[in-house]
*Asks:* 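Please see the structure below; I have some questions.
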Amino acid sequence: MQKNNFTILVLAFTSFALSIYTVYNSVVLNEKIEKLQKQCETDRKISQPIITENDDEEFPLGEYMGKLQYYAHKAGMAGKYQNWELAEFYVHELEETVEFLTKQNIIDEGKEVSKLLSNIMPVVNLLDKNTKEKDAVEFPKTYQNLLRNCNNCHISVDKPYIVVQEPQRDFDGQKFKK
Ligand code: HEC
């Protein structure tokens with residue numbers, strides 16, 4: 001009789017230990033699942049921008065070219081009237097825009113646009129120098145040289161029909177004469 005009681009006790013203890021172990025295991029397992037789920041979520045969050053980047057989103061190069069034309073036009077007008085302060089302002093805008101574009105690593109229809117744009121930087125810098133030195137003789141020459149460089153690039157990117165030239169008239173709505 002006592003032996004039987006002992007067996008029941010052992011059995012009861014074993015089943016109790018087993019159930020504790022099972023509960024413990026399921027808690028640990030749940031934690032592991034939660035951890036994995038969180039990991040998956042962060043992985044998805046990290047990979048999202050990469051997907052949009054590859055989503056054939058084109059760089060708005062045409063808009064930036066419009067900016068270049070706008071600043072070049074205004075710099076040209078200011079230089080023509082020897083309004084050096086204003087010219088310096090626009091040449092600086094030109095420098096910043098060209099510099100920004102060269103850093104974008106733009107490849108458009110197989111043409112290395114950013115690399116080609118970095119070639120005009122020395123001319124823009126020279127225009128800056130002419131402006132700072134208030135050099136009315138060199139400024140128009142450098143300006144013509146810059147526009148030649150713009151057009152040469154348009155030729156090398158198979159857009160020879162885009163031809164920029166010296167502005168013939170003032171930009172309406174702004175004072176250029178000092
Ligand atoms: C990489 C060589 C390159 C250089 C250097 C360059 N361009 Fe362009 N330009 C382009 C390309 C490429 C386009 C066509 C962009 C597009 O596909 O929308 C363009 C388009 C243009 C357009 C037509 C878009 C519009 O807004 O009307 C103008 C104007 C223009 N460029 C002005 C200039 C001026 C001004 C300069 C010099 C200060 C210049 N570009 C220098 C490559 C160049």
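Atoms within a ligand are numbered from 1 in the order they appear, just like the ligands themselves. Both backbone and side-chain heavy atoms feed into the values below; hydrogens, waters and symmetry mates do not. Since the structure is predicted, the reported quantities are computational estimates derived from the model, not experimental observations.
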*Asks:* Considering heavy atoms of the protein only, find what lies nearest to atom 26 (O) of ligand 1 and give residue, atom and distance to 0.1 Å.
*Replies:* Gly66 CA, 3.3 Å
*Asks:* For atom 24 (C) of ligand 1, what is the closest protein heavy atom, and at what distance to 0.1 Å?
*Replies:*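 Nearest protein contact, heavy atoms only, for atom 24 (C) of ligand 1 is Gly62 O, 3.9 Å.
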*Asks:* CE of Met77 to CG of Asn83: how many Å apart, nearest 0.5 Å?
*Replies:* 10.5 Å
*Asks:* Less than 2.8 Å from atom 8 (Fe) of ligand 1 is the window; count the protein N, O or S atoms in it.
*Replies:*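 Protein N, O or S neighbours of atom 8 (Fe) of ligand 1 under 2.8 Å, waters not counted, come to 2.
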*Asks:* For Leu29, what are the other residues in its hydrophobic cluster, where any two members join if their side-chain heavy atoms are less than 4.5 angstrom apart?
*Replies:* none
*Asks:* Can you list every pair that meets side chain to side chain donor-acceptor pair (under 3.5 Å) and has a residue in residues 7-27, with sequence neighbours left out?
*Replies:* none
*Asks:* Which value, rounded to the nearest 0.5 Å, describes the distance between Glu99 atom CD and Asn125 atom CG?
*Replies:*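 One gets 8.5 Å once the value is rounded to the nearest 0.5 Å.
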*Asks:* Quick one: do Lys67 and Glu96 make a salt bridge, cutoff under 4.0 Å?
*Replies:* no
*Asks:* Decide yes or no for Asn130 and Val91: does some side-chain heavy atom of the first lie under 4.5 Å from some side-chain heavy atom of the second?
*Replies:*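 Answer no - side chains too far apart.
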*Asks:* Out of all atoms in ligand 1, which are within 4.0 Å of some heavy atom of Val113? Include the element for each.
*Replies:*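 Atoms satisfying the 4.0 Å criterion: 1 (C).
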*Asks:* Between Ser114 and Asn105, is there a side-chain donor-acceptor contact under 3.5 Å, judged purely by atom types and distance?
*Replies:* no
*Asks:* Is Ile120 touching ligand 1 with its side chain, its backbone, both, or neither, if touching means heavy atoms under 4.0 Å apart?
*Replies:* side chain
*Asks:* Scan for side chain to side chain donor-acceptor pair (under 3.5 Å) pairs involving residues 164-175, sequence neighbours excluded, and state none if there are none.
*Replies:* Lys74-Gln174, Tyr81-Asp170, Tyr90-Gln174, Gln144-Glu166
